[in-house]
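Working notes for the structure below.
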Protein chains: 2
Amino acid sequence: MGRRSDHTPDELHDLLVSRGHEVMAERGFAKFSAREAARRAGYSVGTIYNVFGGLDGYLIAINSHTFRKWSACLQSALADETGDGDARIAALVRAYFAFADSNRNAWMAIYDHRIDRTNAVAKADETAREELTGIVDAEVTRWLGQPEDASTRRLVRSLIATVHGHCALWLTGSYALLQEEDPAGQALARVMEALAAQRS
Amino acid sequence: MGRRSDHTPDELHDLLVSRGHEVMAERGFAKFSAREAARRAGYSVGTIYNVFGGLDGYLIAINSHTFRKWSACLQSALADETGDGDARIAALVRAYFAFADSNRNAWMAIYDHRIDRTNAVAKADETAREELTGIVDAEVTRWLGQPEDASTRRLVRSLIATVHGHCALWLTGSYALLQEEDPAGQALARVMEALAAQRS
DNA sequence: TTTTTAATTGAACATCGTTTAATTGTATGG
DNA sequence: CCATACAATTAAACGATGTTCAATTAAAAA
């Protein structure tokens with residue numbers, strides 16, 4: 001079969017990402033199948049290699065989609081938050097966990113996929129991933145009440161790593177947090193301690 | 001071929017774990033092959049299913065082996081440390097990162113493998129994994145200078161998650177810590193802030 | 001209408017995990 | 001010492017995967 005008019009290139013791209021995201025959410029990274037995703041989209045595997053250049057590119061696109069959904073969640077949580085500085089940080093951390101919890105497989109897939117940086121990541125995907133850092137950046141800068149500088153950015157990354165560690169160990173069921181009933185609360189406590197230490 | 005006298009059951013178990021660990025270190029979790037490990041041990045795949053009951057059991061055994069090596073590293077680093085309280089915590093965190101760094105694939109495999117808890121984990125493997133928490137537990141208790149209680153244990157798990165987050169994002173090359181040249185230092189800073197906050 | 005272009009496929013290949021019947025070394029009992 | 005029972009080990013088979021590529025064919029260009 002040759003060129004079809006079922007979908008424009010953009011539509012096809014989005015359709016494949018959508019179905020891929022669906023399969024990822026259902027099965028998780030370990031049991032993900034590009035063939036199955038293509039099947040659900042009504043195409044064959046080869047099309048994925050045409051559109052995304054390979055499995056890696058496809059997985060990057062799928063995970064970037066998750067990133068965009070995640071960012072939107074965080075933005076929305078912040079928009080709904082009416083409280084002061086501390087409350088905004090709390091809302092951010094809670095929303096971080098809430099998204100991961102209700103999108104377990106897709107969220108974990110982000111970190112399960114090891115990107116080979118020899119293959120350049122598409123610009124759109126790069127920015128999708130940077131956006132999340134930007135959100136935290138803005139919020140931490142706001143809390144600290146001083147203009148963003150290099151040390152702020154460094155702190156932000158460390159805080160993200162802190163929250164990530166709690167969330168990852170929680171969702172993977174690593175027993176380190178097995179008996180912890182509020183991992184988000186613990187993560188938030190560590191974040192607030194770190195923020196307080198910067199101010200003094 | 002039937003029963004062979006090449007190795008005792010224990011020897012065979014250890015041989016397979018050793019070769020499996022070797023393959024894991026070389027290829028990483030995503031490209032791990034039980035067939036290849038068996039090949040290197042001079043056996044066929046089926047033997048792995050006999051000895052470990054299945055691929056999951058095999059991976060658990062391999063990762064538990066990594067855990068034991070890791071614990072030994074931390075113990076040794078603490079034994080070599082002659083300094084005071086803060087220095088011991090620093091040595092612990094640095095050793096944590098050092099092991100992960102020089103055993104990247106094997107270390108990441110620990111968290112790449114999602115354990116299905118319906119299949120009971122062997123007792124020996126369970127304790128191999130608990131030992132690491134125990135080491136941190138003892139060290140944090142020592143630093144705090146008060147008997148270990150429930151809240152200490154809770155804090156310990158949170159601190160492990162904090163360090164884990166930094167280490168994981170660093171080794172996976174995640175964007176958040178891409179430009180950070182001393183992730184261990186950042187993790188340590190967060191840990192010390194958290195510890196200090198407990199004392200006040 | 002004809003020609004060119006490029007999207008899409010199907011088939012082929014190597015590999016993987018998993019299961020199972022068939023082997024064949026080892027131990028046991030007479 | 002031989003025959004039998006046992007259990008470790010394997011080979012082969014199965015379905016599924018990722019990956020590549022020549023062949024096909026629909027759409028665009030001429």
Side-chain angles (χ1 to χ4, degrees), chain A residues 1-17 19-24 26-63 105 109 112-116 118-119, chain B residues 1-17 19-24 26-63 105 109 112-116 118-119:
Chain A
M1 191 184 297
R3 198 182 291 179
R4 304 192 320 202
S5 55
D6 298 6
H7 306 97
T8 69
D10 277 358
E11 282 174 349
L12 180 54
H13 180 281
D14 293 353
L15 172 65
L16 289 173
V17 167
R19 293 294 180 272
H21 196 268
E22 182 182 298
V23 173
M24 186 66 84
E26 286 176 19
R27 302 187 175 182
F29 186 81
K31 296 182 181 169
F32 176 81
S33 159
R35 278 186 138 102
E36 172 67 16
R39 212 172 289 139
R40 294 192 189 185
Y43 284 80
S44 91
V45 214
T47 298
I48 286 177
Y49 283 77
N50 290 340
V51 176
F52 301 96
L55 185 61
D56 259 24
Y58 188 36
L59 291 173
I60 289 173
I62 291 173
N63 285 339
N105 282 335
D112 287 335
H113 183 223
R114 303 293 144 74
I115 301 178
D116 181 8
T118 60
N119 309 348
Chain B
M1 190 183 296
R3 196 184 293 176
R4 304 192 319 202
S5 54
D6 297 8
H7 305 97
T8 69
D10 277 359
E11 281 175 351
L12 180 55
H13 179 281
D14 292 352
L15 173 66
L16 289 172
V17 167
R19 294 293 181 271
H21 196 268
E22 183 182 297
V23 173
M24 187 65 84
E26 285 176 21
R27 303 187 174 181
F29 186 81
K31 295 181 182 168
F32 176 81
S33 160
R35 279 187 139 104
E36 171 67 15
R39 212 172 289 139
R40 294 192 189 187
Y43 285 79
S44 92
V45 214
T47 297
I48 286 177
Y49 283 77
N50 290 337
V51 176
F52 301 96
L55 184 63
D56 260 23
Y58 188 38
L59 291 173
I60 288 173
I62 290 172
N63 285 340
N105 282 335
D112 288 334
H113 182 221
R114 303 293 144 74
I115 300 179
D116 179 9
T118 60
N119 308 347

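Labels below follow one simple rule: chain letters A, B, ... track the order of the sequence lines, proteins then strands, and each chain is numbered from 1.
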Answer yes or no: is there a side-chain heavy-atom contact under 4.5 Å between [X] and [Y]?
X	Y	answer
A:E11	A:D6	no
A:L59	A:M24	yes
A:R114	B:D112	yes

Ignoring hydrogens, what is the shortest heavy-atom contact between [X] and [Y]? Give both atom names and the distance.
X	Y	value
A:L16	A:A41	CD2-CB, 3.7 Å
A:V17	A:A61	CG2-CB, 3.9 Å
A:R27	A:S33	NH1-CB, 3.7 Å
A:A38	A:I48	CB-CD1, 3.9 Å
A:G20	A:F32	O-CE1, 3.4 Å

Which parts of residues 30-44 of chain A get close to DNA chain C, meaning a heavy atom less than 4.0 angstrom away?
->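 Result for residues 30-44 of chain A: A:R35, A:G42, A:Y43, A:S44, sorted by number.
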Does OP1 or OP2 of D:dA7 have a side-chain N or O of B:R4 closer than 4.0 Å?
->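 Answer is no, no contact under 4.0 Å.
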Measure the distance from CZ on A:R27 to P on C:dG17 and round it to the nearest whole Å.
->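 The distance from CZ of A:R27 to P of C:dG17 comes to 18 Å, rounded to the nearest Å.
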Given B:E26 and B:N105, is the side chain to side chain contact (heavy atoms under 4.5 Å, CB included) satisfied, shown in steps?
-> CA-CA 7 Å; B:E26 285 176 21; B:N105 282 335; over 6 Å; no
A:R19 charged N/C atom sitting above A:Y43 aromatic ring, 6.0 Å / 45° =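 No - A:R19 does not lie over the ring of A:Y43 by the 6.0 Å and 45° rule.
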Residues of residues 46-61 of chain B with a heavy atom under 4.0 Å from any atom of DNA chain D, listed by number, are B:G46, B:T47, B:N50
Kindly state which residues belonging to residues 7-15 of chain B come within less than 4.0 angstrom of DNA chain D, counting heavy atoms of the residue only, listed by number.
-> B:L12
